[in-house]
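Right, one structure below, let's go through it.
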Amino acid sequence: MRRPVGLLAWIGYVGAWLAMGLWLGVNQIIGARNDGSTIAAWEPLTWELSSVVVLAVLAIGVFRFERRFPLSGADWLRRVPVHIPVAIVFSLVHTSGMILIRKIVYMAHASHYDFRDPWLGFTYELQKDLITYALMIGFCVTWRAVRVRREREMAVIRLERDLSEAQLARLTAQIEPHFMFNTLNAISNRMHEDVDAADRMISAFADLLRAALGESGSTHVRVADDVIWLERYFALMRERYRGQLETVIELDPAARDAQIPRLLLQPLVENAFEHGLKSGRGRLDVTIRSVGDRLVCTVEDNGDGISAGFKSGVGLSNVRSRLELMYPSRHRFEIGPRAAGGTRVKIDVPLSRDV
């Protein structure tokens with residue numbers, strides 16, 4: 001769908017043609033003065049401006065005609081014969097129009113404009129107009145080629161964005177059943193130890209599900225909202241390991257409204273419980289802070305640490321994939337031993353408050 005040409009575009013179009021006419025007219029005046037001519041300044045200006053005014057009008061027609069019979073694409077050579085008579089008519093109209101304007105202006109100055117020999121004059125103008133017509137057609141072809149290329153580039157960008165969003169949605173959706181399976185498994189284990197505790201875990205799990213259903217389904221959320229999810233998950237796990245587990249979340253106030261991929265930290269926390277804090281005894285710290293134009297998130301536990309044969313599971317692989325998709329070459333994801341024992345996972349991404 002073509003956009004309508006705005007008023008400012010038309011003003012610029014007319015202004016450009018008039019500026020060219022004035023420039024040519026002034027050069028005619030300067031040349032005449034250098035030759036010692038006493039010709040009045042309005043005459044060279046009339047000659048050049050009358051020509052460009054008619055050309056400005058004809059250019060619109062040429063643009064529309066070339067759009068209907070384009071000299072590009074397949075079989076463009078077959079359309080060249082159509083343009084030959086049009087180019088001749090273009091010259092006749094241009095010459096006749098500028099002669100008419102000149103005669104009117106000369107009459108207004110109580111003078112007479114003499115075109116001299118019509119055949120010679122029209123032939124002289126024809127060879128110039130054929131070149132002008134060819135330049136206009138060349139401009140139309142170039143303009144269309146640039147526009148088509150730009151449209152293709154935008155189409156590719158839109159396709160890549162849609163594919164990225166679809167892939168992100170798939171990766172995010174992958175986390176949710178994985179989390180539900182692990183949680184239900186934890187509740188099932190607790191059921192054999194303490195029925196009342198398992199009942200409280202089911203209640204906490206229900207709160208998590210209600211929170212999930214209330215989300216918009218966006219791939220990004222506010223850091224503060226993701227922290228609320230983590231706090232509810234920690235409440236569930238503290239019930240699972242009642243009296244044995246300590247959890248701490250430190251959230252930098254400057255990072256509260258930053259955007260973060262939804263459920264980005266939760267798989268890291270799950271990984272800590274699965275590998276470092278298998279017994280449920282220990283401490284788990286989550287720190288989220290703003291450092292310049294970066295958002296730095298760390299998940300640390302004082303558990304058993306990473307074993308020699310440690311391999312990334314579904315959760316960590318999912319986090320890696322999402323980070324690479326959202327922040328290619330602009331993120332850091334590190335997992336390693338903690339200085340005081342245990343495991344430390346660090347994510348460093350660009351700080352963004354609007355996605």
Side-chain angles (χ1 to χ4, degrees), residues 1-29 42-109 112-154:
M1 180 178 179
R2 297 186 181 90
R3 295 180 180 178
V5 180
L7 178 60
L8 288 178
W10 282 115
I11 292 174
Y13 178 79
V14 173
W17 280 103
L18 291 177
M20 184 170 68
L22 288 171
W23 177 70
L24 293 171
V26 169
N27 276 279
Q28 286 272 24
I29 295 170
W42 63 267
E43 291 190 73
L45 288 174
T46 299
W47 302 339
E48 301 302 335
L49 284 171
S50 62
S51 177
V52 298
V53 165
V54 178
L55 285 176
V57 176
L58 289 173
I60 299 172
V62 171
F63 175 78
R64 293 180 176 177
F65 182 78
E66 197 279 336
R67 192 167 62 190
R68 185 174 179 182
F69 300 98
L71 291 184
S72 62
D75 299 328
W76 68 271
L77 281 173
R78 294 184 180 181
R79 294 186 284 272
V80 170
V82 180
H83 284 265
I84 294 175
V86 174
I88 296 173
V89 173
F90 169 87
S91 179
L92 291 173
V93 174
H94 173 230
T95 305
S96 301
M98 72 180 187
I99 291 173
L100 179 61
I101 294 173
R102 291 174 186 179
K103 284 185 176 293
I104 292 172
V105 174
Y106 270 71
M107 286 175 62
H109 284 82
H112 172 71
Y113 176 72
D114 184 11
F115 191 58
R116 299 182 183 177
D117 186 345
W119 290 105
L120 184 61
F122 272 99
T123 302
Y124 173 73
E125 295 296 336
L126 176 63
Q127 53 90 24
K128 292 196 300 179
D129 285 340
L130 290 177
I131 296 174
T132 303
Y133 184 86
L135 290 174
M136 288 183 177
I137 293 296
F139 175 82
C140 292
V141 172
T142 303
W143 177 270
R144 182 170 52 255
V146 171
R147 189 181 63 189
V148 168
R149 180 178 178 181
R150 178 60 178 166
E151 289 174 352
R152 286 176 179 171
E153 290 174 351
M154 293 303 297

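Residues: numbered from 1 along the sequence shown. Below, each value reflects all heavy atoms present in this structure, side chains not excepted, and no hydrogens, waters or symmetry copies. Values in this document were obtained by computation on a predicted structure and should not be read as measured data.
Among residue pairs with one or both ends in residues 11-23, those qualifying as side-chain hydrogen bond (donor to acceptor under 3.5 Å, both in side chains) are Tyr13-Trp17; sequence neighbours excluded. Applying the salt bridge (Lys or Arg N to Asp or Glu O under 4.0 Å) test to pairs two or more places apart or on separate chains, none has a residue in residues 78-100. The list of side-chain hydrogen bond (donor to acceptor under 3.5 Å, both in side chains) pairs with a residue in residues 115-128, not counting sequence neighbours, is empty.
Arg64 CZ to Cys140 SG: the interatomic distance, rounded to the nearest 0.5 Å, is 12.0 Å. Here Ile104 contributes atom CD1 and Ile99 contributes atom CD1; the two are 12.0 Å apart, rounded to the nearest 0.5 Å. If you take OG1 on Thr46 and CZ on Arg102, they are separated by 8.5 Å, rounding to the nearest 0.5 Å.
When all heavy atoms of Phe90 and Asp129 are compared, the pair lying nearest together is CE2-O, 3.7 Å. The minimum heavy-atom distance linking Thr132 with Leu55 is given by the pair CG2-CD2, 4.1 Å. Across Val54 and Met98, no two heavy atoms sit closer than the pair CG2-N, 3.7 Å.
With sequence neighbours excluded, the residues forming a side chain to side chain contact (heavy atoms under 4.5 Å, CB included) with Leu126 are Ser91, Leu130, listed by chain and number. In this view, Ser96 satisfies the side chain to side chain donor-acceptor pair (under 3.5 Å) rule with no residue, not counting sequence neighbours. Evaluation of the side chain to side chain donor-acceptor pair (under 3.5 Å) rule for His83 yields Tyr133 as partners, not counting sequence neighbours.
Side-chain polar atoms of Glu43 and Tyr113 form no donor-acceptor pair below 3.5 angstrom.
A donor-acceptor contact shorter than 3.5 Å links the side chain of Ser50 to the backbone of Trp47.
Ring centers of Phe69 and Trp76: at least 6.0 Å apart, outside the cut-off.
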